[in-house]
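Computed from a predicted model, the values in this text were never measured in an experiment. As the structure lists them, so they are numbered: ligands from 1, and atoms in each ligand from 1.
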Amino acid sequence: MNTSTGRHFLQIPGPTNCPLPVLAAIAQPTIDHRSAEFGALGLNVLKRIRPIFATQGPVIIYPTSGTGAWEAALVNTLSPGDHVLMFETGWFSTLWSKMATALDLKPEIIAGDWRSGVNAERLAEKLRADKTHKYKAVAVVHNETSTGVTSDIAAVRRAIDEAGHPALLLVDTISSLGSINYRHDAWGVDVTVGGSQKGLMLPPGLGFNAVSVKAIEASKAARRPRSFLRWEGMLTANAQGFFPYTPSTNLLQGLKVALDLIEAEGLANVFARHDRAALATRRAVEAWGLEIQCRGEAEYSSSLTAVRLPDGHSADALRLQILDDANMSLGNGLGPLADRVFRIGHLGDFNNASVLGTLAAVEMGLKARGISFGRGAIEAAVDGLSKDRPIRRQAAE
Ligand SMILES: *Cc1c(COP(=O)(O)O)cnc(C)c1O
């Protein structure tokens, strides 16, 4: 089959497809980052990014991948030797805890099964037992991209409050920002970490920190040396729309247009579109008779679905088959899930046709690889995409 015709289907859970108006904005001539024109752009995006995090406070934008924004959250708020309570939801939470160790912090990890989210009850026990307040921060991943599990951050907040614990709350929203309802202010989050290349429909290259007043206070007391990622100089320059060093000017031009698109669709509608695509995908997976990696319905991710293959079948061979036959990329299994699961991304810029095309191409791959599957998956997905069907509504407020 000739796979060079048609467009490539990028159905991994980030980086995601960029809408043409965003790409066109990025392709505009680079402008002077000290000019009045840039200052206006800076003020524009720094203001309009706030509602995406549901915050009234500042959002810092770095020219980094999401990993850089992870590091910024840790180095600005914590001091060497500080204990951080983390929860093992999967690959990304594990990487973040390894980074904490590399930065001379002391992460304490509550073990997880890579099929469920943060257990707020276990977190509460740990915090109640911590009479000396040794934990300076709780750091969790909102949407675990390796497993397709979304954790209840409001429940994490309640666990901290009920224990009367002063720890900061740091949350990674890299694969949920702009796709799954998230509320930085209402959930009392101190640092929210984001990235450009998933729900925001931009190429990789921007990292975000939404910061609370408490986090800024903590940053003044934190004793860890930092320079490039230091919030202080950023916040001062950002007040006029500028940056202390050359920002990713063209990505910021793209961000402005991505925000236009999200505002035009309406954030609640963006969330509903993701919910519907996720529901349709799960309906198809159920019809195939395959197992979803996420165990509990309440924790199903709206931005991706990780699908387990029956024993004896290689998920990587299936992905390669689909790449060959349909020119479509799916996410691979990470860490212990390598070759065991494949991940279907349904986030960012997509529509019903892209969801159905993705599922049909997966079905072609299952057939070609001789993996037995049930019939009726596409019909079930069409049903799931119907606007009259009830979906797991994400709280609008
Ligand atoms: C993609 C992702 C990251 C890593 O971001 P990079 O941009 O690759 O550095 C971290 N956490 C989560 C939850 C992610 O989905």
Side-chain angles (χ1 to χ4, degrees), residues 10-18 52-53 60-75 84 86-100 102-103 107 109 112 114-118 139-153 156 169-182 184 189 191-210 228-229 248 251 254-255 258 274 278 293-294 299-306 329-335 337 341-348:
L10 183 66
Q11 297 305 140
I12 61 176
T16 63
N17 297 290
C18 301
I52 307 294
F53 289 86
I60 290 158
I61 308 179
Y62 295 105
T64 68
S65 78
T67 302
W70 261 352
E71 181 155 337
L74 297 177
V75 301
V84 185
M86 300 180 101
F87 200 102
E88 183 198 10
T89 44
W91 179 253
F92 289 99
S93 71
T94 302
L95 283 187
W96 201 11
S97 65
K98 284 185 177 159
M99 171 188 275
L103 292 170
I109 299 146
W114 290 51
R115 301 197 71 172
S116 44
V118 176
V140 294
V141 174
H142 179 219
N143 185 67
E144 178 53 74
T145 323
S146 61
T147 61
V149 173
T150 306
S151 288
D152 183 348
I153 302 303
V156 171
L169 175 56
L170 316 181
V171 182
D172 168 350
T173 64
I174 296 174
S175 64
S176 51
L177 189 70
S179 306
I180 300 175
N181 184 34
Y182 179 81
H184 176 90
V189 179
V191 188
T192 298
V193 176
S196 54
Q197 77 273 30
K198 301 189 186 182
L200 290 182
M201 309 178 289
L202 289 160
L206 297 180
F208 302 90
N209 274 182
F228 178 72
L229 295 173
S248 299
L251 285 179
L255 176 59
H274 285 77
Q293 179 67 17
C294 176
E299 293 182 321
Y300 283 148
S301 168
S302 282
S303 61
L304 79 135
T305 303
S329 296
L330 294 167
N332 63 326
L334 295 166
L337 301 181
V341 309
F342 67 94
R343 296 173 298 142
I344 301 173
H346 32 76
L347 75 163

Within-4.5 Å side-chain heavy-atom neighbours: [X] and [Y]:
| X | Y | answer |
| --- | --- | --- |
| Leu95 | Trp70 | yes |
| Thr145 | Ile174 | no |
| Lys198 | Leu177 | no |
| Ser301 | Cys294 | no |

If you take all heavy atoms of Val118 and Thr89, which pair is closest and at what distance?
N-CG2, 3.8 Å
Please report the shortest heavy-atom distance between Met201 and Thr16, naming the atom on each side.
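Shortest heavy-atom contact: CA-OG1, 3.9 Å.
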Please report which non-hydrogen protein atom sits nearest to [atom], along with the residue it belongs to and the distance in Å to one decimal place.
| atom | answer |
| --- | --- |
| atom 11 (N) of ligand 1 | Asp172 OD2, 2.7 Å |
| atom 14 (C) of ligand 1 | Lys198 NZ, 3.0 Å |
| atom 8 (O) of ligand 1 | Gln197 NE2, 4.0 Å |

Short list, please: which atoms of ligand 1 are under 4.0 Å from a heavy atom of [X]?
| X | answer |
| --- | --- |
| Thr67 | 5 (O), 6 (P), 9 (O) |
| Ser65 | 6 (P), 7 (O), 9 (O) |
| Trp70 | 10 (C), 11 (N) |

Nearest neighbour of atom 15 (O) of ligand 1 from the list Leu95, Thr145, Asn143, on a heavy-atom basis
Thr145
Any chance you could lay out the side chain to side chain contact (heavy atoms under 4.5 Å, CB included) test for Glu88 and Thr94, step after step, and finish with the verdict?
CA-CA 6 Å; Glu88 183 198 10; Thr94 302; 4.0 Å; yes
Could you check whether any heavy atom of [X] sits closer than 4.0 Å to an atom of ligand 1, since that is the contact criterion I want to use?
| X | value |
| --- | --- |
| Thr173 | no |
| His142 | no |
| Glu144 | no |

For His142 and Tyr182, take the angle between the two ring planes, folded into 0 to 90°, and tell me which bin it lands in: parallel under 30, tilted 30 to 60, perpendicular over 60.
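Because their plane-to-plane angle lies in the 30° to 60° range, the rings of His142 and Tyr182 count as tilted.
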For ligand 1, which is the ligand I care about here, please tell me if Gly66 has any N or O atom under 3.5 Å from one of the ligand's N or O atoms.
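Yes.
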Side chain, backbone, both or neither: which part of Trp96 has a heavy atom under 4.0 Å from ligand 1?
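Neither part.
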